[in-house]
Undergrad: 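Before we start, here is the structure in question, set down as structure tokens.
Numbers restart at 1 for each chain; the letters A, B, ... are given by sequence-line order, proteins then strands. Because only heavy atoms are used, hydrogens play no part in the values below, and waters and symmetry mates are left out as well, while side chains stay in.
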Amino acid sequence: MPELPEVETTRRGIAPIMTDRRLDAFLVHEPRMRWPVPSDMSATLGGRVVRSCKRRGKYLLIEFDHGTQIIHLGMSGSLRRAPLDEPRRKHDHAEWLFADARFLLHDPRRFGAILWHPAEAGPVSEHPLLAKLGVEPLSDDFTGELLHGAFAGRQMAVKQALLAGNIVVGVGNIYASEALFKAGIDPRLPAGRLSGRRCMLLAQAIRETLEQALESGGSTLRDYVTASGEPGAYFTLHAAVYEKAGQPCIRCDTPIRRIVQGQRATYFCPRCQKR
DNA sequence: CTTTAACCCTGGAGGC
DNA sequence: TGCCTCCAGGGTTAAA
């Protein structure tokens, strides 16, 4: 499941190759994604020059002079570089063709999205999908104070508040459990009950968890941008609690618990993570 | 306003 | 071997 580190690694993989290059063709092989891929996107993009490859939360933003292509990898998506002559595989839904490079969007479950935001509609940050997103967790704006302020008065469990995306972006189901374990916080705790100090610890834990994943991703970059790796080869996760139900906690040997919050699995150590 | 739940989809796992 | 059921996940949307 691509979370922020995987998306950022993908961005770093495609940016040096796409930026300032002319996109000879953009091909849509399967328009049925999260939302239909606009039928005129090939015409919109063919022959245009990529100006930059950015990221906001888990959205990839490929910017052109006349607008921005918004890409989301959903939960099973990957963007990989492929040799020019390699046959497409099942679930390769879209294709970017440059003179000497080619990229394929592979997404078996089609939870991903490819959208277009024309420049005349204003800054892409005002797109409905991006407008209400929270702060970037790896930016200087992401602090314990910010978390504390955003959590104030919220009854929602802290785990779900982290996942909601309106406070902080890019923290998915895996890293939410991992960061809460690292910070020693019970995922069921109402967000508004967290002290300023614990919010500071949590912000730090989130940053460390994501940065650590990002570092390990750097070495597997080639899985995203060359033809060698299988599509969807995500980072090897060195999880402390995620999918470890019943196994002994690495800190105290207490069996890790699995609960469901908002239809999603949460893993935590009932002893290390306090109320 | 906040919070909850359904939904989109496919592949893999487990039961029989 | 095959068929059926269940589950995973991000994030939008509708409903409570």
Side-chain angles (χ1 to χ4, degrees), chain A residues 1-11 28-38 55-61 70-79 88-94 104-115 117 125-137 149-179 187-194 206 209-210 213 230-235 237 239 241-246 256 258-267:
Chain A
M1 328 81 218
E3 298 201 23
L4 186 145
E6 287 84 353
V7 178
E8 175 60 17
T9 299
T10 299
R11 189 198 68 76
V28 179
H29 304 295
E30 173 54 86
R32 295 175 303 164
M33 302 285 287
R34 179 75 170 79
W35 297 279
V37 180
R55 178 188 59 76
R56 177 74 175 98
K58 296 176 187 169
Y59 293 92
L60 283 169
L61 307 173
I70 302 174
I71 298 160
H72 199 289
L73 299 177
M75 70 150 290
S76 60
S78 62
L79 192 51
R88 270 188 293 120
R89 306 174 193 182
K90 195 179 180 184
H91 305 307
D92 284 339
H93 303 319
L104 290 167
L105 180 83
H106 181 89
D107 186 5
R109 290 176 201 179
R110 295 193 275 117
F111 275 25
I114 303 175
L115 299 171
H117 181 80
S125 60
E126 290 172 16
H127 187 280
L129 293 176
L130 307 181
K132 291 171 188 168
L133 293 182
V135 68
E136 287 288 332
F151 283 168
R154 298 292 201 91
Q155 292 303 303
M156 192 188 293
V158 59
K159 156 83 165 5
Q160 290 172 268
L162 289 178
L163 285 181
N166 54 351
I167 297 173
V168 57
V169 294
V171 184
N173 204 41
I174 299 170
Y175 296 132
S177 281
E178 293 298 313
R188 300 165 295 186
L189 200 61
R193 298 260 177 79
L194 286 182
I206 289 169
T209 302
L210 295 178
E230 286 300 302
Y234 299 119
F235 302 163
L237 181 71
V241 291
Y242 188 75
E243 287 188 331
K244 303 283 184 184
I256 297 301
R258 177 191 187 274
I259 60 173
V260 174
Q261 294 180 289
Q263 335 262 77
R264 293 222 159 76
T266 300
Y267 299 86

Undergrad: Give the rounded distance in Å between these two atoms: CG of L162(A) and P of dT3(B).
TA: 14 Å
Undergrad: If only side-chain N and O atoms of Y175(A) are considered, is one of them under 4.0 Å from the OP1 or OP2 phosphate oxygen of dG9(C)?
TA: no
Undergrad: Looking only at heavy atoms, what is the nearest atom pair of L73(A) and V7(A), with distance?
TA: CD1-CG2, 4.4 Å
Undergrad: Let me know, please, whether F111(A) or M156(A) comes out on the 5' side of the other along DNA chain B by nearest nucleotide.
TA: M156(A)
Undergrad: Is L129(A) touching bases, backbone alone, or none of the nucleic acid, heavy atoms closer than 4.0 Å?
TA: sugar-phosphate
Undergrad: When you measure from the side chain of Y59(A), which nucleotide among dG9(C), dT12(C), dG11(C) comes out closest?
TA: dT12(C)
Undergrad: Does a side-chain N or O from H91(A) land closer than 4.0 Å to OP1 or OP2 of dC9(B), or not?
TA: no
Undergrad: Mind checking R154(A) for me? I need base, sugar-phosphate or nothing, with any heavy atom below 4.0 Å counting as a touch.
TA: sugar-phosphate
Undergrad: Expressed in angstrom and rounded to an integer, what is the separation of M75(A) atom CE from dT12(C) atom P?
TA: 16 Å
Undergrad: Heavy atoms under 4.0 Å, any strand shown: does R110(A) hit a base, just sugar-phosphate, or nothing?
TA: sugar-phosphate
Undergrad: Hey, which sits more toward the 5' end of DNA chain C by its nearest nucleotide, H72(A) or Q263(A)?
TA: Q263(A)
Undergrad: Whole Å only: how far is the CZ atom of R32(A) from the P atom of dC9(B)?
TA: 8 Å
Undergrad: Give the rounded distance in Å between these two atoms: CE of M33(A) and P of dT12(C).
TA: 15 Å
Undergrad: Using a strict 4.0 Å threshold on nitrogen-to-oxygen distance, state whether R55(A) and E136(A) make a salt bridge.
TA: yes
Undergrad: Between dA5(B) atom C1' and Q160(A) atom CD, what is the distance in whole Å?
TA: 11 Å
Undergrad: In a check of side-chain contact (heavy atoms from CB on, under 4.5 Å) between D107(A) and each of H91(A), H72(A), M33(A), which one passes?
TA: M33(A)
Undergrad: Heavy atoms under 4.0 Å, any strand shown: does G172(A) hit a base, just sugar-phosphate, or nothing?
TA: sugar-phosphate
Undergrad: Can you tell me how far C1' of dC9(B) sits from CG of D107(A), to the nearest Å?
TA: 9 Å
Undergrad: Side chains of E178(A) and T209(A): donor-acceptor distance under 3.5 Å anywhere?
TA: no
Undergrad: Just compare dT3(B), dC8(B), dC9(B) and give me whichever is closest to any side-chain atom of Q155(A).
TA: dT3(B)
Undergrad: For R89(A) and H106(A), test the side chains for any donor-to-acceptor distance below 3.5 angstrom and give the result as yes or no.
TA: no
Undergrad: So K90(A), base contact, sugar-phosphate only, or nothing? Heavy-atom distance under 4.0 Å.
TA: sugar-phosphate
Undergrad: Rounding to a whole Å, what distance do you find between N166(A):CG and dT3(B):C1'?
TA: 11 Å
Undergrad: Check the distance between dT3(B)'s P and F151(A)'s CZ and give it to me in whole angstrom.
TA: 12 Å
